[in-house]
Amino acid sequence: MIACGLDFGTSNSAIGVARDKTAALVPVEADSTLMPSAVFFDYETKGRMLFGEEAISAYVGQTEGRLMRALKSILGSPLIEEETLLAGRKVPLKQVVEIFVRHLKQKAEAFAGQEITTVVHGRPVRFVDDDDAADARAQGVLEGIAKQVGFRDVTFVYEPIAAAHHYEQTVQKEEQIAKELALIADIGGGTSDFSVIRVGPQHRERVDRTGDVLATAGIRVGGTDFDTALNLAAVMPLLGLGTQLVKKNLPMPNAIYHELAAWPTINFAYTYKNERELSELVSLAREPEKVERLLTVVRERLGHRVAFAVEDAKISLSAEECADVSLTFLEAGLSVAATRAELDRAIETRTERLYGSASECIAAAGVKPAAIDTIFLTGGSSRVPAVRAAIGRAAPSARLASGSDLLSVASGLTQMAGAF
């Protein structure tokens, strides 16, 4: 029997094929087994769609069209019922997600040389915080999309459980079994998920891991939230955020800044109404040159360019104390220095929530923090030093381990698919 493991992520996605007791990740873009979760609708040709890095390159290269990214973030939010305008045609956002998932399935089938109808599909512990009904609806939407693209048998697995399955492949010593209690922390682009699980060579052979999973927890906080926070703190002030209008010293309206700073809503800022209002605000602003930049971003559809520049800086700040956010595509010579301290301050409320969720997961497992032997960190945003520090505080005596930050969930899902 053949099955696949699908990790549809907010920032990146991967899919693997399990067949004849072997599991392999699929090259989804050239030789890469990882693809940015992005779709570009090319207006310069009729109906051409590009995916992943190719989609991003087309957008950055100023091909006329529309880029859609962070598609997973709309699951569990009212945005899933919205439509986007593509070449004058309204298309449901749900259909855009379907287009991307179908593309991944087709890549897997080309790799396998046959149709695949069984999928082990990753999902966050929580699509939506504190709303079980909305969380269930989000999984229902994702299941409906999976079946629409041709999967008949769909099994959902919590992403940190899949990451745990991948991690325990590295646990070789049988004597570790009795004491290896791990907190799996999967810090993704849109959500962060935790599980406390017993891992070890003997455990990994079990198909049913229910007895090994002591607790799970999750919150809707992830790397795209860090991008938004850094964007608002470091870049949007250059576009007028926080400045005053001449009349009565009123502040610049801030809704459009928040819309442009968040990946899922960038395209919603591109309206003629916004262009008209910003044109009026330029003449009313105390610092008109900044609002003029904002108008340029909206008029020339540069919001994703700004977001990519901020994301690059965030990634650099995982290794460096300072990073330059280059905005020369907006204005010659324009840039701003972002610091790790600034990022830490911008995301402090979110890292505290990560600490709280990790601590709650340990408590729900019925163990003390000292009982956790290992914290296994995975997901691209687990590289952010403030994130690692916050989660480490939840079990201070545990060793920190990491590996395959961007592919551990996909690998685990594919390995689990092999048991079907």
Side-chain angles (χ1 to χ4, degrees), residues 6-15 25-75 79-80 82-111 142 145 148-149 188-190 222-224 227-228 231 260-270 297-298 300-312 314-315 329-330 380 406-407 410:
L6 172 58
D7 178 21
F8 168 48
T10 301
S11 299
N12 298 284
S13 295
I15 191 167
L25 294 180
V26 174
V28 286
E29 193 164 28
D31 295 330
S32 177
T33 55
L34 188 72
M35 170 182 284
S37 301
V39 183
F40 184 79
F41 295 87
D42 185 351
Y43 294 170
E44 294 182 8
T45 62
K46 291 187 177 180
R48 186 173 72 137
M49 292 176 289
L50 303 175
F51 301 89
E53 291 289 356
E54 193 176 11
I56 293 169
S57 295
Y59 167 77
V60 171
Q62 296 185 304
T63 300
E64 186 180 355
R66 173 155 291 194
L67 179 70
M68 308 290 291
R69 195 178 182 225
L71 298 167
K72 187 178 178 182
S73 293
I74 66 176
L75 294 168
L79 290 177
I80 194 63
E82 295 288 335
E83 297 177 322
T84 189
L85 196 63
L86 300 175
R89 182 170 63 95
K90 287 186 176 181
V91 175
L93 290 177
K94 190 185 303 182
Q95 185 177 332
V96 179
V97 177
E98 179 186 321
I99 288 168
F100 184 76
V101 173
R102 187 185 303 276
H103 178 73
L104 290 174
K105 182 175 186 286
Q106 290 171 345
K107 286 287 185 179
E109 291 175 336
F111 177 78
L142 203 53
I145 288 169
Q148 188 68 29
V149 304
T224 54
D227 294 342
T228 298
N231 202 333
L260 280 170
W263 286 101
T265 55
I266 291 172
N267 285 316
F268 292 118
Y270 302 149
V297 168
V298 173
E300 298 186 14
R301 312 301 195 249
L302 296 174
H304 283 93
R305 293 287 296 274
V306 175
F308 281 123
V310 171
E311 183 184 43
D312 288 344
K314 179 198 69 176
I315 293 170
F329 57 85
L330 176 57
L406 300 176
L407 289 169

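No experiment lies behind these values; they were computed from the predicted model shown.
For the residue pair Arg305 and Phe329, the shortest heavy atom distance occurs at NH2-CB, 3.1 Å. Between Val297 and Tyr270, the shortest heavy-atom contact is O-CE2, 3.9 Å. Contact detail for Glu54 and Glu29: the closest heavy-atom pair is N-OE2, 3.0 Å. Scanning both residues, Leu407 and Ala14, for their nearest heavy atoms gives CD2-CB, 3.8 Å. Taking each heavy atom of Ala55 and Leu50 in turn, the nearest pair found is CB-O, 3.4 Å. The nearest pair of heavy atoms linking Arg69 to Ser11 is NH2-O, 3.9 Å.
Here the straight-line distance linking atom CZ of Phe41 with atom CD1 of Ile99 works out to 4.0 Å at 0.5 Å rounding. Atom CD of Glu64 and atom CG of Asp42 lie 8.5 Å apart (nearest 0.5 Å). Note: Asn231 CG to Glu311 CD = 11.0 Å, rounded to the nearest 0.5 Å.
Proximity of Val101 to Leu6: side-chain heavy atoms (C-beta onward) are separated by under 4.5 Å at one or more points. Contact annotation: the side chain of Phe8 approaches that of Leu71 to within less than 4.5 Å [non-hydrogen atoms, C-beta and beyond]. At least one side-chain heavy atom of Trp263 sits under 4.5 Å from a side-chain heavy atom of His304. By the 4.5 Å heavy-atom criterion applied to side chains, Leu75 and Ile80 are counted as neighbours. Side-chain contact between Phe100 and Met68 is absent, with no heavy-atom pair separated by less than 4.5 Å.
The local environment of CD in Glu83 is crowded, with over 12 non-hydrogen atoms from other residues, nucleotides or ligands closer than 6.0 Å.
Ser37 places a side-chain N or O within donor-acceptor distance of the main-chain N or O of Gly9, the cut-off being under 3.5 Å. Thr228 contributes a side-chain N or O that, together with a main-chain N or O of Thr224, makes up a donor-acceptor pair within less than 3.5 Å.
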